[in-house]
2 protein chains.
Amino acid sequence: MPKLGMEPIRKDALVKATIVEIGRVGSLDVTVSQIAKRAGMSSALAHHYFGSKEDMFLAAMRHVMTIYGAEVRGALEAAEGPEGRIRAILRANFSPGNFRREAVGAWLNFWVLAQTVPEAKRLLAIYQGRLRTNLIVALRPLAGARAVDIAESLGALIDGLYLREVLKSGAPDGKAAVAIALRHLKAELARGA
Amino acid sequence: MPKLGMEPIRKDALVKATIVEIGRVGSLDVTVSQIAKRAGMSSALAHHYFGSKEDMFLAAMRHVMTIYGAEVRGALEAAEGPEGRIRAILRANFSPGNFRREAVGAWLNFWVLAQTVPEAKRLLAIYQGRLRTNLIVALRPLAGARAVDIAESLGALIDGLYLREVLKSGAPDGKAAVAIALRHLKAELARGA
DNA sequence: AAGTTTATTGACTCGTCAATCAACAAAAAA
DNA sequence: TTTTTTGTTGATTGACGAGTCAATAAACTT
């Protein structure tokens with residue numbers, strides 16, 4: 001039975017299962033057995049490939065952020081002009097995928113994890129740095145020197161809007177969030193002109 | 001030894017200890033024994049006064065939000081004029097107290113808790129409703145009909161700024177957050193005029 | 001004084017879970 | 001073909017934790 005080259009396949013399955021389970025349970029209170037079962041293997045095998053549960057969490061976090069990064073990059077490539085780039089970033093951040101159970105569970109719980117696990121904090125800093133850079137680049141032609149400041153507030157607004165959409169009862173509305181963020185942007189730009 | 005009327009004293013001690021422990025550990029992974037020990041009693045007594053750990057969490061959450069509410073109310077009473085009221089709300093939200101370990105742990109973890117425990121979600125909705133109302137009332141004289149929309153974005157910005165200050169490395173800077181929020185407000189108001 | 005209510009805890013139950021290990025199977029290398 | 005490497009799991013260990021309970025004691029009631 002043992003085909004070779006299983007390692008990447010198993011790891012990948014475990015990472016995905018970890019994210020799903022965190023979303024399902026709504027917290028990091030998931031057992032290795034649950035994860036392994038969902039990934040179709042024994043818990044011993046999960047421990048074989050990842051040394052510990054924490055390693056699994058970190059791998060899952062990296063995966064989520066890789067997906068996110070790819071989403072933003074893809075949206076940016078298809079965008080035209082500075083404002084188009086901003087819109088693309090906003091749409092990527094508030095895409096339906098980011099409101100799926102798994103994604104929500106991942107982000108909320110990674111914020112918590114970042115409080116105690118330095119590596120988690122580092123990963124989160126990378127995500128914020130990327131968002132910041134993307135915003136600044138897109139804003140430069142529109143706002144010149146004020147790009148940095150506006151990126152700061154726009155970035156925070158994105159996080160805040162996401163949090164509110166996620167916590168509120170009822171279906172989240174990415175479109176509305178995008179609209180509010182754009183209004184904020186317009187106001188800031190008008191102020192500078 | 002058993003003085004009477006211990007119940008409120010014990011409950012209060014447990015609530016405070018719960019918040020401290022959550023902040024110390026950085027997650028909801030605190031044991032009833034830890035909490036009870038910090039509160040100076042046996043875990044059995046903790047179970048006697050609160051039926052379950054979840055009840056303790058919810059009581060702690062109510063307590064945090066009561067503190068928060070009192071802080072905002074106090075700041076509002078001492079405020080002069082519409083803009084003064086806004087400033088007061090912002091200062092209360094970004095006061096040093098809210099960046100203490102316990103407060104940070106409480107908020108982050110209550111967001112997670114709200115995902116699965118309906119009562120936690122309800123409490124959070126109350127907090128958001130109050131912030132929203134306070135903002136709208138203060139904004140009305142400044143922005144008229146647009147008060148509601150601006151309150152929406154300003155509220156989200158507050159949450160986002162708080163999250164970023166909390167997650168970033170280094171000492172949080174409430175002043176900077178207040179400044180950014182005020183800039184956002186000015187921009188929105190200028191737009192309307 | 002006898003009985004009831006409140007306060008309090010140590011010991012215990014029952015369950016869970018992360019991590020380890022021994023053992024087995026198959027492919028690859030020697 | 002022996003040996004080594006890779007894949008895999010059931011069983012086990014060792015620890016911890018939520019919630020219960022019986023027992024003890026002080027106060028309050030009648």
Side-chain angles (χ1 to χ4, degrees), chain A residues 1-61 105 109-110 112-113 116-117 119-120, chain B residues 1-61 105 109-110 112-113 116-117 119-120:
Chain A
M1 239 190 223
K3 294 168 195 161
L4 287 225
M6 279 290 101
E7 178 155 355
I9 296 164
R10 293 301 200 186
K11 277 192 158 182
D12 192 64
L14 281 170
V15 160
K16 284 173 179 158
T18 301
I19 296 166
V20 170
E21 284 301 296
I22 289 176
R24 207 176 57 78
V25 176
S27 79
L28 297 181
D29 255 322
V30 288
T31 70
V32 174
S33 299
Q34 276 169 39
I35 296 170
K37 187 173 182 180
R38 179 163 298 264
M41 72 194 80
S42 72
S43 72
L45 195 54
H47 273 102
H48 174 67
Y49 284 122
F50 290 94
S52 67
K53 195 162 79 156
E54 187 175 305
D55 279 348
M56 267 181 254
F57 284 163
L58 289 174
M61 194 167 163
N109 283 289
F110 290 160
V112 168
L113 201 64
T116 49
V117 181
E119 177 67 6
Chain B
M1 240 188 226
K3 295 167 196 161
L4 288 225
M6 279 289 101
E7 177 155 355
I9 295 163
R10 293 301 200 186
K11 277 192 159 182
D12 192 64
L14 282 170
V15 159
K16 284 172 180 160
T18 301
I19 296 166
V20 170
E21 283 301 296
I22 289 176
R24 207 177 56 77
V25 177
S27 80
L28 298 181
D29 254 324
V30 287
T31 71
V32 174
S33 299
Q34 276 170 38
I35 296 170
K37 187 173 182 182
R38 178 162 298 264
M41 72 195 80
S42 73
S43 72
L45 195 55
H47 273 104
H48 173 67
Y49 284 122
F50 291 95
S52 67
K53 195 163 78 157
E54 187 175 305
D55 279 348
M56 269 180 252
F57 284 162
L58 290 174
M61 193 166 164
N109 283 290
F110 291 160
V112 168
L113 201 64
T116 49
V117 181
E119 176 67 5

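The basis for the numbers below is simple: all heavy atoms, side chains too, and nothing from hydrogens, waters or symmetry mates. Letters A, B, ... are given to chains in the order of the sequence lines, protein chains preceding strands, and every chain is numbered from 1.
With sequence neighbours left out, the side chain to side chain donor-acceptor pair (under 3.5 Å) criterion links Glu119(A) to Arg62(A), Arg122(A). Applying the side-chain contact (heavy atoms from CB on, under 4.5 Å) rule to Thr116(A) yields no partners; only residues at least two apart in sequence or on another chain are considered. Evaluation of the side-chain contact (heavy atoms from CB on, under 4.5 Å) rule for Ser27(B) yields Val112(A), Val25(B), Asp29(B), Asn109(B) as partners, not counting sequence neighbours. Contacts of Lys53(B) classified as salt bridge (charged side-chain N to carboxylate O under 4.0 Å, His left out), with partners at least two apart in sequence or in another chain: none. Residues satisfying the salt bridge (charged side-chain N to carboxylate O under 4.0 Å, His left out) criterion with Glu54(B), sequence neighbours excluded, are absent altogether. When the side-chain contact (heavy atoms from CB on, under 4.5 Å) test is applied to Ala39(A), the partners found at least two apart in sequence or on another chain are Ala13(A), Leu14(A), Ala17(A), Met41(A).
Listed by first and then second residue, the salt bridge (Lys or Arg N to Asp or Glu O under 4.0 Å) pairs involving residues 12-22 of chain A are Asp12(A)-Lys16(A), Glu21(A)-Arg24(A), Glu21(A)-Arg38(A) (not counting sequence neighbours).
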Please tabulate the protein-to-nucleotide N/O contacts below 3.5 Å involving nucleotides 9-13 of chain D, giving atom names and distances.
residue	atom	partner	partner atom	Å
dT9(D)	OP2	Ser42(A)	N	3.2
dT9(D)	OP2	Ser42(A)	OG	3.4

For nucleotides 15-17 of chain D, print each protein N/O atom paired with a nucleotide N/O atom at under 3.5 Å, atom names and distance only.
none

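dT6(C) atom C1' lies 13 Å from atom CD1 of Ile9(B), rounded to whole Å. A straight line from NZ of Lys37(A) to C1' of dC17(C) spans 15 Å, rounded to a whole angstrom. Between Asp29(A) atom CG and dA18(D) atom P the separation is 11 Å, expressed in whole Å. Between the P atom of dA25(C) and the CG atom of Leu4(A) lies a distance of 17 Å, rounded to the nearest Å.
Distances shorter than 4.0 Å separate some side-chain N or O of His47(A) from OP1 or OP2 on dA19(C).
Backbone-only engagement by Tyr49(B) is indicated by non-hydrogen atom pairs under 4.0 Å involving sugar-phosphate atoms exclusively.
Rounded to 10°, the angle separating the first-five-pair axis and the last-five-pair axis of the helix from dA1(C)-dT30(D) to dA30(C)-dT1(D) equals 10°.
Between Ala46(A) and Ala36(A) the shortest heavy-atom distance is CB-CB, 4.2 Å. For Phe57(A) against Leu28(A), the heavy-atom pair with the smallest separation is CZ-O, 3.6 Å. The shortest heavy-atom contact between Ala59(B) and Phe50(B) is CB-CE2, 3.5 Å.
With a 6.0 Å radius and a threshold of 12 heavy atoms from other residues, nucleotides or ligands, Lys11(A) has its NZ atom above the threshold.
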